[in-house]
Amino acid sequence: MQHEVIVAGFGGQGVLLAGILLAEAALQDGKEVTWVPAYGPEMRGGTCNCTVIVSDELIASPVASEVSFLIAMNEPSLQKFGPIVRTGGTIYHDSSSGDTLLDRDDIDIGAVPAAQIAAEIGSPKVVNMVMLGALVGSSGLTTRDTLVSVMEKQLVGEKARFVPLNIQALDAGIEIARQHAKKSGK
Amino acid sequence: MTRILIKGNEAFAEAAIRAGCRHYFGYPITPQSEVMEYLARRMPEVGGVFIQAESEVAAINMVYGAAATGARSMTTTSSPGFSLMQEGISYMAGAELPAVLVNVMRGGPGVGSIQPAQSDYLQATKGGGNGDYRLLTYAPATVQEMADITMKAWDKAEKYRNPVLILVDGFIGQMMEAVEFKDEPATEPVEHTWAVGIRKEKRPLRRITSSHMDPADCERHNRHLKAKFDRIRKDEVAWEELYTEDAEVVLAAFGVVARVCRAVVERARKEGIKAGLIRPITVWPFPYRAFRQRVRTAKAFFVVEMNEGQMVEDVQMAVGYDAPVYFYGRNGGIVPQPNEVASELQKILAGGVTPREDRI
Amino acid sequence: MKIVFERPNTLTDAVTHYCPGCGHGVIHRLVAETIERLGVEDRVIAVPSIGCSGALGRYLAYDSVAGAHGRGPAIATGIKRALPDAVVFSYQGDGDLASIGAAEILHAANRGEQITVIYVNNAVYGMTGGQMAPTTLLGQVTSTSPFGREISTTGWPMRVAELLATLPGVKYSARVCVFDAANVIKAGAAIRKAFEVQLKGLGFGIVEVLSQCPTNWRMAPRVSVKWAEEHMVREYPLGEFKTPEGDSQCNTR
């Protein structure tokens, strides 16, 4: 099986990091992975996305015309990448800034009030982890435990103190995905 | 076996360290700066030399100086920077100095864009600098291959006393994949009989130069170089083929585009289309024979590149007028998507595309 | 019989291609004498430039690495960084160093590279036939300034020794000339100091040597020396601008 994931949002939201953690976790699970950033000349504030492919076999094209999953951390990302999610695919988008319209009924669209949850947890910086949690909770691309171990490996030294906060955010996202699945009868 | 997730640019940098390279000279330019940043940290750990030069012109000449002492040295850059290095590269080829160079290509001409492209194929394979010379040029398609090729690159450079170029699109430079650094120890530093240095026991003087002011001498030198390039042509050409034996249409691409084409070919086969793929691993020397031997069976060749058609000229040269050669290119930093290549392939098979013709 | 003067061992007996009255031969000898007096001839790697001194390797018996026009200081950087025990010097003309190689000399000096630069300033491009150089004097007629060098299109004569002396990485910078015996002796002393800062690991050393180019100045050798004494020395004052002990004639850090 091969799955393609696009993580997209504003620069500075941790879009690339969320993708790297997913790729690292899938690699740790023994999968083949590619991680490809799309970057603009701006370092902060511009739009930003990355494509992660997770596969049981060698990955031919790291470029994907269609994807199975989209994590849209802002409205422009949803509009830009929503159309290339293949039929039967899944989108999680940050719904904190209000309702979103995407005219598709052939895919599963989950609203995650990620910014709101992150604020409740205590840091707007963990929006990406809430969104990643939602993906992990519904996709089976990797497991919570693998992701936690990757976080522990990546966030060391000074950054180690952020691990519990990130795990909390991840768990909140997983919970949202679970509720969403219940609601949509999956 | 440990596989680590690493960017192509960083895989190159780490492989260089493992290959025994201890001298890096470079200048920042997107999208290759990760190589510099990685080595700025890593070189001091292994007692190596890292110098950020004042320009690409200076960087390649620092490589020239270090290489003249026999040290394993390198530089990395991206398209506009590679243009600036042509002077030094020509001098290195003339003076027969080994080194490893990397061009992480971006859109051109001029500033172009900072996004991935394959716009420097002709510059890399047909010369670039002044004079009659070639560079053994690899075009890796995966991060693993980037690491593997780098591990061998100095051996090749020293074997032929010529710079080796790794020509990679910004896509592979920026992409992360799992890499296993095979633990082959770096070849022991060789005591080169040509390298300048401290003269022990009054050995004869050694002079590194590309200057041959006497016309007969200069001609002799050029013929000597030509013989060397012919050996490289014969012994180093490398490519990969997929489903070509019975292919009616043979796709051709290098670097990341070859992987896009691979996905297209796999899908076409599932749909009953007899498609195949030739992926040059060395773009100089170019695997002309790989194409030539499919001329009898293939009804068409289809070249895909991230430029307006450069390698396609080599494919035309190989195929001659015996089969049509089609071309599809994206440019300026846009990577062709599997779907658009697949739909172009459908159009070609349906007879709705005019073959590419550069031999007007 | 006691030998009181002889050709240095590392100055080869090849007949040079230099024109009658040219200063390069004397400067070559000074470099060879200095290196031998310092006893480092087996560690020397020379970096010739493009120009009249490009054939340096034929006249000085050291390992040498010749590269592109103006890039000598970058090449010397690569050599010295790879072989810190080597004694590395570049030998550059004014077209090579002050024009096309301006960036390379400035940054090698600014990095404090432990190399020595012998910079020969004869106010013209010699090998290509006497074209204007950045060092050409105002009003001086050359093949590319046929009406005399003028400021509006070509700026002013560039004073390299003073310019480089302002950089903290430079530990020795001096200007000398080879127009008479006394000055030749002074030039030898300066070249020695420029090599000594390298040998002591202090940093970058440069000696700007004013030299005559009778052929391209269209003068008889003796006239050229007189002209140089009158005009070049006025534009390019002689002296030490930086020594390891401090600055002599200019204010620097």
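Chain A is the first sequence line, chain B the second, and so forth, proteins listed ahead of strands; every chain is numbered from 1.
Of the atoms belonging to B:V49, it is side-chain heavy atoms, and not backbone ones, that fall under 4.5 Å from chain C. Residue contact with chain B, scored on non-hydrogen atoms closer than 4.5 Å, is absent for C:L56. Interface remark: B:R22 contributes no atoms to any contact with chain C (heavy atom separation under 4.5 Å). In this structure, chain C has no heavy atom under 4.5 Å from any part of B:K200.
Across every non-hydrogen atom of B:R199 and C:A61, the tightest pair is NH2-O, 3.5 Å. The minimum heavy-atom distance between C:I79 and B:G65, with the atom names listed, is CG1-O, 3.3 Å. For the residue pair C:V65 and B:Y64, the shortest heavy atom distance occurs at CG1-CE2, 3.5 Å. The minimum heavy-atom distance linking B:S55 with C:E104 is given by the pair OG-OE2, 4.3 Å. The heavy-atom pair separating B:R207 from C:G57 by the smallest distance is NH2-O, 2.6 Å.
Within a 6.0 Å radius of OH in C:Y125, other residues, nucleotides and ligands contribute more than 12 heavy atoms. Dense packing is recorded around CG of B:D217, with more than 12 heavy atoms of other residues, nucleotides or ligands lying under 6.0 Å away. Annotation: B:R223, atom CZ; neighbour count of heavy atoms from other residues, nucleotides and ligands within 6.0 Å does not exceed 12.
Residues C:R71 and B:I60 fail the side-chain proximity criterion, which asks for heavy atoms closer than 4.5 Å. At least one side-chain heavy atom of B:I51 sits under 4.5 Å from a side-chain heavy atom of C:R111.
Contacts with chain B were tallied for C:A68, C:A86, C:G101, C:G67; C:A68 has the most, counting heavy-atom pairs under 4.5 Å. Most heavy-atom pairs under 4.5 Å with chain B: of the set C:S64, C:G72, C:A82, this distinction falls to C:S64. Among B:A95, B:G197, B:S210, B:A58, the residue making the largest number of heavy-atom pairs under 4.5 Å with chain C is B:G197. For chain B, the option among C:A55, C:A74, C:P48 with the highest count of heavy-atom pairs below 4.5 Å is C:A74.
Applying side-chain contact (heavy atoms from CB on, under 4.5 Å) to B:V196 and the options C:V44, C:V47, C:D63 leaves one that passes, C:D63.
Taken to the nearest 0.5 Å, the CG atom of C:D85 stands 5.5 Å off from the CD1 atom of B:I198. Distance check: C:H17 NE2 to B:M213 CE gives 9.5 Å after rounding to the nearest 0.5 Å. Separation of atoms CD1 (C:I50) and OH (B:Y91) is listed at 4.5 Å; rounding is to 0.5 Å. For the atom pair CG (B:L205) and CD1 (C:I45), the distance works out to 11.5 Å, reported to the nearest 0.5 Å.
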